[in-house]
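Counting convention: from 1, in listed order, for ligands and their atoms alike. Numbering of residues begins at 1 and proceeds along the displayed sequence.
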Amino acid sequence: MSELSNKTVSTLIDKALDMLQYSYTPYSGFKVGAALLAKNGTIYGGCNIENAAYTPCSCAERTAFFKAVSEGVKEFDAIAVVGGPDGKVTEYTAPCGVCRQVMMEWCDPASFQVFIAIDRDHYKEYLLEEILPDGFGPGNLKMKKTGG
Ligand code: THU
């Protein structure tokens, strides 16, 4: 059960759908939009941005995270993701593995919510820990006391 209100979930999904118009996909034609809700209430939109050299492509989710972090915002509650060929959203588009890892950097896996959506009436909801079990994160790099 979502802790977010239905209205907030709908707002996130609508924002993710709205971001599809900015998606830059001359190579795949597969457009993805994301809307990232920060704990301060701000919603950061993101779209995928491709590149002729392929490797520098950014997914919509990472675009949203890096927009927020680049403005000093590093605490988040949820993200909505939509996508489809030519921006036609008829199936669910799940975050890629790299984006799940990026979520792991700043989000609590036991509470951060991921909404994989088609529209405001059709979405699947996961916790980050469900789509990235036993994730490796900043906590793994904390120095452990050795007693010495
Ligand atoms: N893509 C995303 O933006 N997010 C995902 O989670 C899956 C994949 C983009 C990357 C590329 O521009 C296009 O979808 C096809 O892989």
Would you check, one step at a time, whether the test ring pair (Phe, Tyr, Trp, His ring centres under 6.0 Å) holds for Phe76 with Phe65? CA-CA 9 Å; Phe76 306 101; Phe65 269 95; 5.0 Å; yes
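Interface of Pro95 with ligand 1, defined as ligand atoms under 4.0 Å from a residue heavy atom, comprises 6 (O). Each of the following atoms of ligand 1 lies closer than 4.0 Å to a heavy atom of Val32: 1 (N), 2 (C), 3 (O), 4 (N), 9 (C), 14 (O). The contact set between ligand 1 and Ala94, taken as ligand atoms under 4.0 Å from a residue heavy atom, comprises 6 (O). Near Glu50, meaning under 4.0 Å from one of its heavy atoms, ligand 1 places the atoms 11 (C), 12 (O), 13 (C).
At a cut-off of 3.5 Å, with distance as the only test, no side-chain donor of Thr11 or Thr8 sits close to an acceptor on the other residue.
Checked against a 3.5 angstrom limit, the closest N/O atoms of Thr25 and ligand 1 fall outside it.
Once rounded to the nearest 0.5 Å, the distance linking CD1 of Ile116 with CD1 of Ile118 reads 10.5 Å.
Nearest to atom 3 (O) of ligand 1 among the protein's heavy atoms is Ala60 N, 3.0 Å. The shortest contact between atom 8 (C) of ligand 1 and any protein heavy atom is with Cys59 SG, 4.0 Å. If you check which protein heavy atom lies closest to atom 15 (C) of ligand 1, you get Ser28 OG, 3.7 Å. Of all protein heavy atoms, the one lying nearest to atom 14 (O) of ligand 1 is Asn48 ND2, 3.5 Å. For atom 4 (N) of ligand 1, the nearest non-hydrogen atom of the protein is Glu61 OE1, 2.9 Å.
Figure legend: Lys124 and Phe115 shown without cation-pi pairing, the cationic atom not lying both under 6.0 angstrom from the six-membered ring centre and within 45 degrees of its axis.
Side-chain atoms of Glu130 do not come within 3.5 Å of backbone N or O of Pro109 as any donor-acceptor pair. Remark: the backbone N or O of Thr25 is not paired with any side-chain donor or acceptor of Ser28 at under 3.5 angstrom.
Counting protein heavy atoms under 4.0 angstrom from atom 12 (O) of ligand 1 gives one or more.
Under a 4.0 Å N-O distance rule, the pair Lys31/Asp86 does not qualify as a salt bridge.
Using the six-membered ring where Trp is involved, Phe66 and Trp106 have ring planes that are perpendicular, over 60° apart on the 30 and 60° scheme.
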